[in-house]
Amino acid sequence: MTEITKTVCPYCGVGCGLEVSPPAQHGKPTNRDSQGTPIWRVRGDKAHPSSQGMVCVKGATIAESLDKNRLRYPMVRDSLEQEFRRATWDEAFDIITKRIQTVRFTQGPEAICMYGSGQFQTEDYYIAQKLMKGCLGTNNFDANSRLCMSSAVAGYIQSFGADGPPCCYDDLELTDCAFLIGTNTAECHPIIFNRFEKYHKKNRKVKMIVVDPRRTPTAEAADLHLAIRPGTDIDLLNGIAHLLMRWNYFDPAFIEDCTSNFPAYAEVIRHYSPDVVAHRCGISVEDLETAARYWGESQRVLSMWSMGVNQSSEGTAKVRTIINLHLMTGQIGKPGAGPFSLTGQPNAMGGREAGGLAHLLPGYRTVKNPQQRAEVEEFWGLKPGQISPNPGLSVWDMITELENGNVGLLWIAATNPAVSMPDLERTKKALWRSPFTIYQDAYYPTETAAYAHVLLPAAQWGEKTGVMTNSERVVTLSQAFRAPLGEAKADWEIFAEVGRRLGFEKEFSFTNSAEVYTEFAQLTSNRPCDMTGMSHEQLQAEGATQWPHPEKKREPIFIDSDTGVLSFEEEGGEKGSGEWGMGSGDKSSSTPTPYSLLPTPSKRLYTDFRFHTPDGRARFGAYHSRGLAEPPDPDYPFVLTTGRLYGHWHTQTRTGRIEKIRSMHPQPFIEIHPRDASGLNIKDNEWIEVRSRRGKSKFPAKITRAIAPGTVFVPMHWGALWAENSEANALTHPESCPDSLQPELKACAVQLVPITRQEGERRKEKRVKGEEVIKMHA
Ligand SMILES: Nc1nc2c(c(=O)[nH]1)N[C@H]1C(S)=C(S)[C@@H](COP(=O)(O)OP(=O)(O)OC[C@H]3O[C@@H](n4cnc5c(=O)[nH]c(N)nc54)[C@H](O)[C@@H]3O)O[C@H]1N2
Ligand SMILES: Nc1nc2c(c(=O)[nH]1)N[C@H]1C(S)=C(S)[C@@H](COP(=O)(O)OP(=O)(O)OC[C@H]3O[C@@H](n4cnc5c(=O)[nH]c(N)nc54)[C@H](O)[C@@H]3O)O[C@H]1N2
Ligand code: SF4
Ligand SMILES: [Mo]
C-alpha cells in the first residue's frame with residue numbers, strides 16, 4: 001500500500017487540500033523530473049471541504065520545486081562585500097544571540113526588527129510574536145501581509161469591530177450576483193473561480209460583475225465588465241450606492257437595527273450622480289446602471305476583492321466602501337451574500353490570528369488595547385507592562401528607519417523584499433545599509449540573500465508540520481512527509497532556539513509544533529477566532545476545520561427542572577462564558593451562556609446581525625474618492641499597474657524552476673493598448689523602457705485591447721535574478737493608505753520610451769545570460 005499524506009497547498013489563500021505520495025510506488029515507475037530527480041506525487045484531496053479535489057497548475061507541480069536550489073546549511077559573513085562561508089548552526093545561533101543582546105542593551109529593543117510572511121505556518125508566526133512582542137518587548141514584527149491584506153484587516157476592524165472574512169466558499173454556489181472588484185480570480189484564486197464558474201454557467205440568472213481596468217480572464221467570464229480607470233473604485237461604489245438609494249433598493253430596517261453612521265454616508269453618496277461617476281470612472285452610464293440593477297435586484301450578493309482594492313493609498317476606504325453596499329442592502333450574514341476578501345497567501349489568515357502585524361497581538365487582539373495586552377502578558381507569564389503599547393514599525397517604516405540608522409538588527413524570513421517591496425532602488429539601498437541582516441529562506445540564491453550577513457536554511461512545506469488557515473477560515477494541518485533537506489530547520493524551531501539561548505528556556509520549551517499550536521489555540525479562547533477546540537491531533541482525525549471552533553461542548557451535570565438552568569463543572573469555568581463569536585472580550589457585562597445553549601457555529605459570521613463593535617452595530621464608512629497617490633501628468637502620462645500571472649508565484653523562487661510553468665510564462669512583458677503602441681511606433685515584442693520618478697525598467701511590448709488606453713500592465717514576478725532590469729518595483733512608489741499602511745503597488749505614473757530593435761535583441765541575449773547565472777547556482 002502506498003502511504004498518502006494529507007496536506008494543504010502552500011501557494012495561494014484558496015487553501016486546496018492535497019494528497020502526497022512518495023515518488024517510488026509499488027508497481028508504478030518512479031516519478032522523475034527532467035534531470036532525473038525523483039518527485040513526490042501530488043493530487044487534489046477530494047475530501048477537503050474547500051477545494052473538493054481540485055488543484056491548479058501551481059499546486060499540481062509544487063513537488064518539483066522541493067529539491068532545486070535549496071539553501072542547505074547556515075552561511076555567514078562579516079560584511080556584505082565578503083563571500084559567505086559555511087557555518088554550523090551553533091556558530092550561527094551564537095552570532096545571532098550575541099548581536100541581539102548587544103543591540104538590546106545599547107540601542108534598545110526597538111532597534112530589533114523582524115519581517116515575516118503569510119507563508120509561515122501559524123506555529124512560526126506564534127513563536128515569532130512571543131519572542132519579539134513578548135520576550136524582547138518590541139512590536140517591530142511586520143509581515144508581507146502589509147503589502148497584501150492589511151487594508152482588508154483595517155476595513156473589517158473599522159466596519160465590524162473585528163477582522164475576519166464573514167463568508168465561506170459554499171456562498172459561491174448560493175449567490176445570485178458575484179461582484180468581483182480588483183481581483184483576477186481566474187488566475188490568482190483559480191479554484192474559487194472554478195467553483196463559481198461551474199455554478200454561473202449552469203444558472204443563467206446568476207450575474208457576474210467584474211471591476212478591473214484590464215480585461216483579464218476573470219473579466220472575460222463576466223456578464224458585465226466595468227473597465228474603470230485605475231483608482232476610481234470609490235467613485236464607482238458610491239455611484240452604485242447612489243442609484244440603489246434612488247431606486248429604493250436599500251434595506252431601511254437593516255440600516256436602522258444593525259448599523260451606525262448611515263447619515264454621514266448618505267450625505268457622501270448624494271454627490272455621486274451617474275454622469276459624474278461614469279465620467280470619472282471612464283465607463284458608460286448604462287453600464288453603471290446595469291451594475292446597480294444587478295445588485296439591487298439580486299436576493300443574494302457576494303462581493304469578492306483582492307489586490308486591486310487593498311493595494312491602494314485609500315485601500316481601507318475602498319474596503320469599507322464595499323462593505324457599505326452590503327450594509328445598506330442587508331447583504332450579509334446569510335447564505336450566498338457578504339463582503340469576502342480573497343486572501344493572497346496560504347496562511348496570511350493564520351498570521352492575522354497569531355497577531356502577525358506590527359499593531360496586532362495573538363487572538364485578534366491589538367497592542368493598543370491595555371486589557372488585551374494584559375491578557376497576553378499574563379498568558380505568557382511576563383511581567384505587566386512587558387508588551388509595548390506602541391504599534392511597531394510597518395515594513396516600509398523599517399526601510400526608512402534603516403535609512404535613519406536606527407535599526408540594529410533586521411531579521412527577514414519567508415519573503416523576498418529585494419523584489420517585492422515598492423521603490424526597489426530605495427529599498428535595496430536601505431537594505432545595503434543594514435548593520436546586521438539575518439535572512440531565513442528555503443532557497444538560494446534569491447535576490448534578498450545579497451543583503452544578508454547570515455543565511456539560515458528553512459525547512460519548508462512537506463518538511464515540517466503545522467497549520468494554515470485559508471480565506472474561508474478553514475484550518476488545515478500541513479503535514480511533513482519527508483525530512484528537512486540538508487540542515488534546514490522549521491522557522492518556529494529557529495526562533496525558539498534563539499529564544500532559549502537568550503534565557504527564555506521556559507517560554508520556548510516546546511518539543512514539537514503540536515505543542516506550539518495547542519498553546520496558541522488556548523490564547524484564542526473567547527475571541528472571534530476561537531480555535532480552542534482544535535489541535536494537530538483533532539485536525540488529523542477530523543480533517544480541515546473552520547473557525548470559530550471552541551472547545552467541545554461540556555455536558556451539564558445538573559439541570560434545574562423548574563428554571564431550566566444548567567450547571568456545569570467548574571473546571572475552565574470561563575470557557576463556557578461570554579458571547580462566543582462576539583469577541584468583545586468583556587467578560588463582566590454578559591451573563592455567562594453555557595456552550596450547549598449557544599447556536600451551532602455557522603459557516604458564516606454575523607448570522608445574528610450583531611457585530612463586534614461596542615454597540616453591536618456595523619459602522620458605515622463615509623468616504624469621498626481621493627484617487628491615485630501619483631496620478632498621471634504630462635511628464636509621466638501613463639498609469640502603470642502591476643500584478644500576477646496564472647502559473648508563477650511571486651518572485652519565482654519555486655515556480656521559476658518548474659519547466660511547465662516556465663514555458664507558460666517564458667519572459668516578462670508590458671501590456672499596452674494598440675492605440676498607445678502606435679503612438680510610440682512600437683510593434684509587438686519590441687522593447688519599451690518604462691520610467692517613473694524612481695527608476696527604470698525594460699520590457700517587450702505585448703499589444704492588446706485587454707488594457708485600456710493610457711494604462712499599462714507588467715507582471716511582478718521578474719526580479720534581478722530572472723531578467724535584467726524588468727523589475728516592476730523599480731517603478732512603484734511607497735505611498736500608502738493612512739489606516740492600513742499598505743502601499744499603492746497597483747498604480748504609479750510612468751513614461752514610455754521605445755528602445756531600438758537592435759538594442760532589444762542585445763537585451764534578449766543579456767536576459768539569457770541572467771538565466772545562466774541562475775543555472776550556475778543550481
Ligand atoms: N498565480 C498566482 N496566484 C496568486 C499569487 C501569485 O503570485 N500567482 N499570489 C497570491 C497573492 S499573495 C495575492 S495577494 C493574490 C492577488 O490576487 P489578485 O489581486 O487577483 O491579483 P493581482 O494580479 O495582483 O491584481 C488583481 C487585479 O487588480 C487590477 N487592478 C489594478 N488597479 C486597479 C484598480 O484601481 N481598481 C480595480 N478594481 N482593480 C485594479 C489589476 O488589473 C489586476 O487584474 O493572488 C494570490 N494568488
Ligand atoms: N509591484 C508589485 N509588488 C508586489 C505585489 C504586486 O501586486 N505588485 N504584491 C505584493 C504582495 S500581495 C505580496 S504577498 C508580496 C509577495 O512577495 P514575497 O513575499 O517577497 O514573495 P515570495 O516569492 O512568495 O517570497 C517568499 C519567500 O519565502 C521562501 N519560502 C518558501 N517557503 C518557506 C518557508 O517555509 N520558510 C521560509 N523561511 N522561507 C520560505 C521562498 O523561497 C521565497 O523566497 O509581493 C508584494 N509586492
Ligand atoms: S488554487 Fe491556490 S491553493 Fe489551490 S492549488 Fe492553486 S495555488 Fe494551490
Ligand atoms: Mo499577497
Side-chain angles (χ1 to χ4, degrees), residues 8-16 18 44 50-51 54-60 62 71 116-121 124 144-145 147-149 181-185 187-194 211-214 216 218-219 226 228-233 236 305-312 318 342-346 348 413-422 440-443 446-448 456-461 463-464 470 490-491 494 628 639 641-655 707 711 713-717 719 727-729 731-732 743 745-747:
V8 62
C9 176
Y11 287 122
C12 87
V14 178
C16 297
L18 301 180
S50 301
S51 53
M54 293 180 272
V55 282
C56 78
V57 69
K58 294 181 291 302
I62 173 72
L71 177 61
S117 167
Q119 292 165 69
F120 276 167
Q121 292 176 337
D124 305 323
N144 57 0
S145 294
L147 313 176
C148 184
M149 298 311 294
I181 176 163
T183 160
N184 181 4
T185 328
E187 291 193 81
C188 296
H189 295 97
I191 302 310
I192 286 181
F193 182 79
N194 285 2
V211 184
D212 193 309
R214 301 161 54 218
T216 58
T218 314
L226 301 172
I228 61 166
R229 277 196 195 98
T232 59
D233 301 78
L236 177 80
W305 76 90
S306 204
M307 293 309 113
V309 168
N310 291 346
Q311 285 173 344
S312 158
K318 282 192 189 181
L342 302 182
T343 319
Q345 296 176 91
T415 177
N416 192 3
V419 182
S420 54
M421 284 285 283
Q440 183 169 314
D441 203 283
Y443 291 87
T446 71
E447 289 80 354
T448 303
L456 300 179
Q460 61 152 346
W461 178 81
E463 300 167 350
K464 61 179 194 180
N470 73 7
D491 293 286
I494 301 172
L628 299 177
V639 176
T641 188
T642 65
R644 293 161 169 78
L645 306 175
Y646 172 61
H648 274 311
W649 179 257
H650 297 156
T651 72
Q652 299 198 42
T653 57
R654 285 171 288 193
T655 53
I707 191 125
T711 304
F713 167 83
V714 305
M716 64 166 293
H717 304 296
E727 294 160 292
N729 284 325
L731 304 159
T732 54
L745 289 160
K746 278 288 172 278

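Values in this document were obtained by computation on a predicted structure and should not be read as measured data. Indexing begins at 1, ligand by ligand and atom by atom, following the structure's order.
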**Q** Check each of T183, T642, I707, D233 against atom 37 (C) of ligand 1 and report the one with the nearest heavy atom.
**A** D233
**Q** With a cut-off of 4.0 Å, which atoms of ligand 3 are near a heavy atom of C12?
**A** 1 (S), 2 (Fe), 3 (S), 7 (S)
**Q** Counting N and O atoms only, with roles assigned by atom type, does the side chain of T216 sit under 3.5 Å from a partner on the main chain of A219, one being a donor and the other an acceptor?
**A** yes
**Q** Would you mind running through ligand 3 and noting each atom that sits below 4.0 Å from a heavy atom of G15?
**A** 3 (S)
**Q** Might you point out which heavy atoms bring P457 and L71 nearest each other, and give the distance in Å?
**A** CB-O, 3.2 Å
**Q** Is A747 in contact with ligand 1, taking contact as a heavy-atom separation below 4.0 Å?
**A** no
**Q** Specify the protein heavy atom at minimum distance from atom 44 (O) of ligand 2: its residue, its atom name, and the distance to 0.1 Å.
**A** D441 OD2, 2.6 Å
**Q** Using a distance threshold of 2.8 Å, state whether an N, O or S atom of C9 lies below it from atom 6 (Fe) of ligand 3.
**A** no
**Q** Quick one: look at Q460 and ligand 2, take heavy-atom pairs under 4.0 Å, and tell me if it's side chain, backbone, both or neither.
**A** both
**Q** Only heavy atoms of Y11, strictly under 4.0 Å: list the atoms of ligand 3 that pass.
**A** 7 (S)
**Q** What residue and atom, counting heavy atoms only, is the protein's closest point to atom 22 (P) of ligand 2, and at what distance?
**A** H650 CB, 3.5 Å
**Q** Give yes if a backbone or side-chain nitrogen or oxygen of N184 is under 3.5 Å from a nitrogen or oxygen of ligand 1, and no if not.
**A** yes
**Q** Say whether M149 and ligand 1 are in contact under the criterion: heavy-atom distance to a ligand atom below 4.0 Å.
**A** no
**Q** Do ligand 1 and E187 have nitrogen or oxygen atoms that lie under 3.5 Å from each other?
**A** yes
**Q** How long is the straight-line distance from CG of L147 back to OG of S117, given to the nearest 0.5 Å?
**A** 10.0 Å
**Q** For atom 9 (N) of ligand 2, which candidate among E463, M307, Q311 holds the nearest heavy atom?
**A** Q311
**Q** Are P213 and R229 side-chain neighbours, meaning at least one heavy-atom pair lies under 4.5 Å?
**A** no
**Q** Output the list of atoms in ligand 3 that are nearer than 4.0 Å to some heavy atom of G59, sorted by atom number.
**A** 5 (S)
**Q** Are any side-chain N or O atoms of T641 and backbone N or O atoms of F713, one a donor and one an acceptor, separated by less than 3.5 Å?
**A** no
**Q** Side chain to side chain donor-acceptor pair (under 3.5 Å) between T446 and D441: does it pass, once the steps are laid out?
**A** CA-CA 9 Å; T446 71; D441 203 283; 4.9 Å; no
**Q** Output the list of atoms in ligand 3 that are nearer than 4.0 Å to some heavy atom of I191, sorted by atom number.
**A** 1 (S), 4 (Fe)
**Q** Would one find an N or O of G231, backbone or side chain, under 3.5 Å from an N or O of ligand 1?
**A** yes
**Q** Say whether D212, considering both its backbone and side-chain N or O atoms, lies within less than 3.5 Å of an N or O atom on ligand 1.
**A** yes
**Q** Considering S145, G308, A414, A418, which one's heavy-atom position lies nearest to atom 28 (O) of ligand 2?
**A** A414
**Q** Run down the list F193, W649, W305, Y646 and name the one with the heavy atom closest to atom 10 (C) of ligand 1.
**A** W649
**Q** Under 4.0 angstrom from ligand 2, any heavy atom of A490?
**A** no
**Q** State, to 0.1 Å, how close T183 and W305 come at their nearest heavy-atom pair, and which atoms those are.
**A** CG2-CA, 3.9 Å
**Q** At a 4.0 Å cut-off, with the gap strictly under it, does some heavy atom of L645 reach an atom of ligand 1?
**A** yes
**Q** If you measure every N/O of T216 against every N/O of ligand 1, is any gap under 3.5 Å?
**A** no
**Q** Specify the closest pair of heavy atoms between S50 and N470, including all atoms of both residues, with the distance to one decimal.
**A** OG-ND2, 2.9 Å
**Q** Below 4.0 Å from ligand 1: does a non-hydrogen atom of Q652 turn up there or not?
**A** no
**Q** Return the closest protein heavy atom for atom 36 (N) of ligand 2 as residue, atom name and distance.
**A** D491 OD2, 2.8 Å
**Q** Which is closest to atom 24 (O) of ligand 2 in terms of heavy atoms, E727, Q440, K464, Q119?
**A** Q119
**Q** Starting from atom 41 (C) of ligand 2, locate the nearest protein heavy atom and write down its residue, its atom name and how far away it is, to 0.1 Å.
**A** T653 OG1, 3.3 Å
**Q** I want to know if ligand 2 touches Q345 in the polar sense, i.e. an N/O pair below 3.5 angstrom.
**A** no
**Q** Compare P213, G344, S312 and give the one whose heavy atom is closest to atom 33 (C) of ligand 1.
**A** P213
**Q** If you have a sec, work out which protein heavy atom is nearest atom 4 (Fe) of ligand 3 and how many Å separate them, to one decimal?
**A** C16 SG, 2.3 Å
**Q** Looking only at non-hydrogen atoms, which of H717, K746, R644 approaches atom 16 (C) of ligand 1 most closely?
**A** R644
**Q** Do side-chain atoms of N310 reach the backbone of M149 as a donor and acceptor pair under 3.5 angstrom?
**A** no
**Q** Less than 3.5 Å between some nitrogen or oxygen of R229 and one of ligand 1, yes or no?
**A** no
**Q** Would you say C56 reaches atom 2 (Fe) of ligand 3 with an N/O/S atom under 2.8 Å?
**A** no
**Q** Between K58 and C9 (side chain of the first, backbone of the second, donor and acceptor by atom type, cut-off under 3.5 Å), is there such a pair?
**A** no
**Q** Looking only at heavy atoms, is any part of P10 under 4.0 Å from ligand 2, and if so is it the side chain, the backbone, or both, or is it neither?
**A** neither
**Q** Just distances here: any N/O of V211 and N/O of ligand 1 closer than 3.5 Å?
**A** yes
**Q** Can a non-hydrogen atom of M421 be found less than 4.0 Å from any atom of ligand 2?
**A** no
**Q** Work out whether the distance between some heavy atom of N729 and some atom of ligand 2 is less than 4.0 Å.
**A** yes
**Q** Looking only at heavy atoms of A442, does any of them come nearer than 4.0 Å to an atom of ligand 2?
**A** yes
**Q** Taking atom 15 (C) of ligand 2 as the point of reference, which of C188, P457, S420 owns the nearest heavy atom?
**A** S420
**Q** Within the 4.0 Å heavy-atom shell around P190, which atoms of ligand 3 are there?
**A** 1 (S)
**Q** My understanding is that we take every heavy atom of each candidate and find the minimum distance to atom 32 (N) of ligand 1. Doing that for L745, T641, T651, which one comes out nearest?
**A** T641
